[in-house]
Amino acid sequence: MASPATSRSLDRFAQGKLEDLEARSLRRRLIETDRYGPALARRAGRELISFCCNDYLNLSHRKEVKEAARAALERYGAGSGASRLVTGNHPLFRTLEKRLARLKETDDCVIFGSGYLANLGIVPALAREGDLVLADELSHACLLSGTKLSGAETRIFRHNDLDHLKTLLEEERAKHRHCLILTDGVFSMDGDLAPVEEMGELARAHDAWLMSDDAHGIGVLAGGKGSSFIGGRKADVPLQMGTLSKAIGSYGGYLCASQPVVDFIRTRARTLIYSTGLPPASVAASIAALDLIEADPAFAALPVKKAKAFTRALNLPEAESPIVPILMGDPDKTLAASALLEEEGFLVTAIRPPTVPEGTARLRFTFTAEHEDKDIERLTAIIRDKILIDRAAE
Ligand SMILES: *Cc1c(COP(=O)(O)O)cnc(C)c1O
């Protein structure tokens, strides 16, 4: 047991950190939120229309998806009992892996416990000391955590800057054994797309391995195939990673890649080996969600269509994904704007550092298939009349 003195210093440490964060409006709190239907959430007894769920197709509440989860729960139990490499590899995993490999046009696929766990496992399995990792500066936190864990030398390139990436490759590639290039396919806090086609060409020219994290692309871009398939062509992205927790409406992470790569990851990624397999119900839900997406590409396209209508109405740069940021800069202003929208019945979370760079606190809107046009129009009017006007006045 810790001595009272130790625990006092522990509590003092935590308290001091909290006070510092509070003073900078950067403390975060969990708020109980009851999501009970498509794009609807109840907080403190109030019904709100949510523009901050990543459940882009509202599939987490879809009847067919819930029924598939329920059937798997009854047949295979509530949990999977062990790591997939021990006894946790229930039959639904294979079905889902084959479905994802087909969607992403790769040999095979491997499922992880979450997107975060996938990146924490994949990057250190592929890169270590003596290797080079080049990552976009706005890459998701878990890509950067995986990179840190890998021990590889890391260089960050400016956001979506192909020239900077090319320079780093020319200067650094030859000094290292292997080189891994990391980017989000759709940037999670900005909603813009990476130029994966050009990055694939650069990677190939320098014998580097490109990995795209398509957490926000699968299910909603290119008929559900994701950001590596825009314009009907498949970009040369040999490592296609993503999550099942956003448009797929369930939980879990995946990597789609060639047979040797997938087989290698299955045997070497620590977050796959030492973590329990996903619950059967989650896997079954993902399979059912993919059925719905593949059967109805027009439905899959709705979130981006609605996001585009929103950006057009507000004269913002045209949305490329279901994610639209409105930059406010200052955390206090962002919190105030979020509170104002909540008063009006809309749930839009304030995104603050360190999730986004210092000075770029923002409102982040996500659009879903079942948002009603009349609600989007009312939201747009409030933003135009009450938020953008203030911002422009500064
Ligand atoms: C959400 C997200 C992840 C993490 O996926 P989880 O399945 O939620 O752990 C990884 N990468 C990006 C770009 C994300 O947006």
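As the structure lists them, so they are numbered: ligands from 1, and atoms in each ligand from 1. Values below: every heavy atom of this structure, side chains too, minus hydrogens, waters and symmetry copies.
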Checklist line | Arg352 side chain to Ser25 backbone, donor-acceptor under 3.5 Å | finding: yes

Notebook entry, point to check: Can any side-chain N or O of Thr366 pair as donor or acceptor with the backbone N or O of Arg364 at less than 3.5 Å?
Noted result: no

Notebook entry, point to check: Between Asp20 and Arg27, does at least one N-O distance fall below 4.0 Å, as a salt bridge requires?
Noted result: no

Item checked: Electrostatic pair Arg158:Asp163 at N-O distance under 4.0 angstrom -> no

Tabulation required: pairs of a nitrogen or oxygen in ligand 1 and a protein nitrogen or oxygen under 3.5 Å; columns are atom names and distance to 0.1 Å; otherwise 'none'.
{"unit_1": "ligand 1", "atom_1": "7 (O)", "unit_2": "Gly115", "atom_2": "N", "d": "2.7"}
{"unit_1": "ligand 1", "atom_1": "7 (O)", "unit_2": "Thr243", "atom_2": "OG1", "d": "2.6"}
{"unit_1": "ligand 1", "atom_1": "7 (O)", "unit_2": "Ser245", "atom_2": "OG", "d": "3.2"}
{"unit_1": "ligand 1", "atom_1": "8 (O)", "unit_2": "Ser245", "atom_2": "OG", "d": "3.3"}
{"unit_1": "ligand 1", "atom_1": "9 (O)", "unit_2": "Gly115", "atom_2": "N", "d": "3.2"}
{"unit_1": "ligand 1", "atom_1": "9 (O)", "unit_2": "Tyr116", "atom_2": "N", "d": "2.9"}
{"unit_1": "ligand 1", "atom_1": "11 (N)", "unit_2": "Asp213", "atom_2": "OD1", "d": "3.3"}
{"unit_1": "ligand 1", "atom_1": "11 (N)", "unit_2": "Asp213", "atom_2": "OD2", "d": "2.5"}
{"unit_1": "ligand 1", "atom_1": "15 (O)", "unit_2": "His216", "atom_2": "NE2", "d": "2.6"}
{"unit_1": "ligand 1", "atom_1": "15 (O)", "unit_2": "Lys246", "atom_2": "NZ", "d": "2.6"}

Item checked: Worked verdict on Arg70 versus Glu74 for salt bridge (Lys or Arg N to Asp or Glu O under 4.0 Å) -> CA-CA 6 Å; Arg70 209 173 290 126; Glu74 288 302 334; over 6 Å; no

Item checked: Inter- and intrachain pairs under side chain to side chain donor-acceptor pair (under 3.5 Å), touching residues 120-149, at least two apart -> Tyr116-Ser145, Asp131-Arg177, Asp136-His159

